[in-house]
Peer 1: 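Right, I'll just put the structure down here and ask away after.
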Amino acid sequence: MRRPFPVEFVYQVFALVIAAVIVHAIYTVGIRPQARAALDELAAQVEAAQGTGQYVAMEQNFFVIIKGPEQELAIIFAIWAFAIMGYKFRNVGLERRLFDTELVSVAEGESILPEDARTHSRAIESLPPDRRDRLLPRLYQSALARFRITRSVQDASEEARRVAESVNDRLDAELAVIRYICWAIPSIGFVGTVRGIGLSLGHAQSVLQGDMTGVTEALGVAFNSTLVALLLSLITVFLLYQLQLVQERLVLDAHQDCERKLIQNLQAPA
């Protein structure tokens, strides 16, 4: 039996590569030159104000806040997570389209006997492979197969419930990469914090000589990396919970659809 081509894995790899290339290009061409220009301008103002007693206020600059390598890596990871979640949201939409499809044709007042289960199963098997392997047809197929073998409506209902729970567990397990990214983003920010504090300690000697420029820039690295990472983490975790919600609702709605349109029309022999 041929294994299905790992489309989602390939998509995740390409999404990471493309996000890294695009973000790094933007940083190289736009963000870092803009940040360096802003810092040079501030340094020139500080130098001009020396000896005059004037205080030069350091205004927050967007490019300076996100210029660090930790911020760049956190943004790449966030975009990677958004791409994976977008793929999964799209799959949920494709699954829900089948709710409007009549997978089992049963006339009003008609019941499905165990002898009819195979006929209805063939109708589902005739669907295109990309639709046949989705959640709702699988529930129908599993319930019909169990009903044909055991001739029990209760067993068919239990089989549909078991398949739904199995799919729900699989969908939850497939969120492992996104959960890792949600953990990694704030961790990257804390790495930047440690690096910035280490850089500021390296400028301790210049502080004794009255030069605070190196220390303030290093502390900016520390706090800015944490700020960016935590903001991205808030957004990513929120979208993750939304994805979990729509996936769980999909499984519940698919099971209810199977119960309403199929299980209730099954009739075991007396």
Side-chain angles (χ1 to χ4, degrees), residues 3-27 30-31 62 65-66 68-101 128-139 163-192 224-257:
R3 292 185 176 181
F5 186 74
V7 177
E8 186 170 352
F9 173 76
V10 174
Y11 172 84
Q12 291 179 5
V13 173
F14 273 95
L16 176 60
V17 173
I18 293 173
V21 170
I22 293 176
V23 172
H24 185 68
I26 293 173
Y27 263 77
I31 293 176
F62 173 76
I65 291 175
I66 66 171
E70 291 82 12
Q71 292 92 309
E72 178 184 356
L73 186 58
I75 292 173
I76 291 173
F77 269 49
I79 294 175
W80 185 27
F82 297 157
I84 297 173
M85 287 188 283
Y87 181 88
K88 293 185 178 296
F89 275 117
R90 174 182 174 273
N91 281 344
V92 172
L94 293 176
E95 294 277 6
R96 285 196 170 277
R97 288 184 184 178
L98 291 178
F99 287 4
D100 300 326
T101 303
D130 60 327
R131 302 178 66 188
R132 185 176 63 241
D133 295 335
R134 296 198 176 276
L135 172 59
L136 196 59
R138 286 178 58 189
L139 291 180
V163 173
E165 292 175 352
S166 174
V167 171
N168 189 55
D169 292 340
R170 178 180 60 81
L171 292 175
D172 185 69
E174 290 177 352
L175 298 177
V177 174
I178 304 175
R179 291 194 180 99
Y180 163 75
I181 297 173
C182 292
W183 168 85
I185 290 175
S187 299
I188 293 169
F190 292 139
V191 170
N224 289 338
S225 61
T226 303
L227 172 65
V228 172
L230 291 179
L231 288 175
L232 290 173
S233 179
L234 287 173
I235 299 172
T236 308
V237 172
F238 171 77
L239 292 177
L240 171 61
Y241 283 130
Q242 291 298 312
L243 176 59
Q244 286 181 300
L245 179 63
V246 298
Q247 286 185 341
E248 290 173 0
R249 283 177 175 173
L250 169 68
V251 175
L252 289 173
D253 292 345
H255 182 254
Q256 291 176 359
D257 184 273

Peer 1: Side-chain contact, heavy-atom cut-off 4.5 Å: Leu175 with Lys88?
Peer 2: yes
Peer 1: Can you check whether Ala229's main-chain N or O pairs, donor with acceptor, with Ser233's side chain at less than 3.5 Å?
Peer 2: no
Peer 1: Does the side chain of Leu230 reach to within under 4.5 Å of the side chain of Leu227, using non-hydrogen atoms?
Peer 2: no
Peer 1: Glu95 and Leu135: which non-hydrogen atoms are nearest, and at how many Å?
Peer 2: OE1-N, 2.9 Å
Peer 1: Does the side chain of Val13 reach to within under 4.5 Å of the side chain of Leu16, using non-hydrogen atoms?
Peer 2: no
Peer 1: Rounded to the nearest 0.5 Å, what separation is found between the CD1 atom of Ile84 and the CD1 atom of Ile181?
Peer 2: 4.5 Å
Peer 1: Tell me, do Tyr27 and Ile75 make a side-chain contact under 4.5 Å, heavy atoms counted?
Peer 2: yes
Peer 1: Strictly distance-based, threshold 3.5 Å: is any side-chain N or O of Gln71 a donor or acceptor partner for the main-chain N or O of Ile65?
Peer 2: yes
Peer 1: Nearest 0.5 Å please: distance from the CG atom of Leu171 over to the CD atom of Glu248.
Peer 2: 9.5 Å
Peer 1: Roughly how far, to the nearest 0.5 Å, is the CG atom of Leu245 from the CD atom of Gln242?
Peer 2: 6.0 Å
Peer 1: Does a sphere of radius 6.0 Å around CZ in Arg132 hold more than 12 heavy atoms from other residues, nucleotides or ligands, not counting ones at 6.0 Å or beyond?
Peer 2: yes
Peer 1: Identify the heavy atoms of Leu240 and Cys182 that sit nearest to each other, and give their distance.
Peer 2: CD2-SG, 3.9 Å
Peer 1: Within the structure provided, determine whether Ile79 and Ile22 are in side-chain contact (heavy-atom separation under 4.5 Å).
Peer 2: no
Peer 1: How close do Ala81 and Thr236 get, heavy atom to heavy atom, and via which atoms?
Peer 2: CB-CG2, 3.8 Å
Peer 1: Are more than 12 heavy atoms from other residues, nucleotides or ligands located less than 6.0 Å from atom CZ of Phe62?
Peer 2: no
Peer 1: Test side-chain contact (heavy atoms from CB on, under 4.5 Å) on Asp130 and Leu94 and set out the steps.
Peer 2: CA-CA 10 Å; Asp130 60 327; Leu94 293 176; over 6 Å; no
Peer 1: Do other residues, nucleotides or ligands put more than 12 heavy atoms under 6.0 Å from the CZ atom of Arg170?
Peer 2: yes
Peer 1: Counting neighbours of CZ on Phe238 that are heavy atoms of other residues, nucleotides or ligands and sit closer than 6.0 Å, is the number greater than 12?
Peer 2: no
Peer 1: Restricting to side-chain hydrogen bond (donor to acceptor under 3.5 Å, both in side chains), what partner residues turn up for Asp253, sequence neighbours left out?
Peer 2: Arg96
Peer 1: Quick one: closest heavy-atom pair of Leu98 and Leu136, and the distance?
Peer 2: O-CD2, 3.6 Å
Peer 1: Any donor-acceptor pair under 3.5 Å linking the side chain of Trp80 with the backbone of Gln12?
Peer 2: yes
Peer 1: I want to check something: taking the side chain as every heavy atom from C-beta on, are His24 and Ile76 in contact at a cut-off of under 4.5 Å?
Peer 2: no
Peer 1: Does the side chain of Val251 reach to within under 4.5 Å of the side chain of Gln247, using non-hydrogen atoms?
Peer 2: no
Peer 1: Trp183 vs Tyr180 aromatic rings, parallel, tilted or perpendicular, using cut-offs 30° and 60°?
Peer 2: tilted
Peer 1: Go through it in stages, so that I can follow the logic: the residues are Glu72 and Ile26, the test is side-chain contact (heavy atoms from CB on, under 4.5 Å), and I'd like the CA-CA distance, side-chain angles, deciding distance and then a yes or no.
Peer 2: CA-CA 10 Å; Glu72 178 184 356; Ile26 293 173; over 6 Å; no
Peer 1: Do Phe82 and Ile235 come within less than 4.5 Å of each other through their side chains, counting heavy atoms only?
Peer 2: yes
Peer 1: From Arg131 CZ over to Thr101 OG1, what is the distance, rounded to the nearest 0.5 angstrom?
Peer 2: 4.5 Å
Peer 1: For Leu232 and Ala78, which heavy atoms make the closest approach, and how far apart are they?
Peer 2: CD2-CB, 4.1 Å
Peer 1: May I ask you to check whether over 12 heavy atoms, not counting those of Phe14, lie within 6.0 Å of atom CZ?
Peer 2: no
Peer 1: Within a 6.0 Å radius of atom CZ on Arg179, are there more than 12 heavy atoms belonging to other residues, nucleotides or ligands?
Peer 2: yes
Peer 1: Once side-chain hydrogen bond (donor to acceptor under 3.5 Å, both in side chains) is applied, do any residues pair with Arg134, and if so which ones, sequence neighbours excluded?
Peer 2: none
Peer 1: Could you report the tightest heavy-atom contact between Gly189 and Ser225, atom names first, then the distance?
Peer 2: O-OG, 3.2 Å
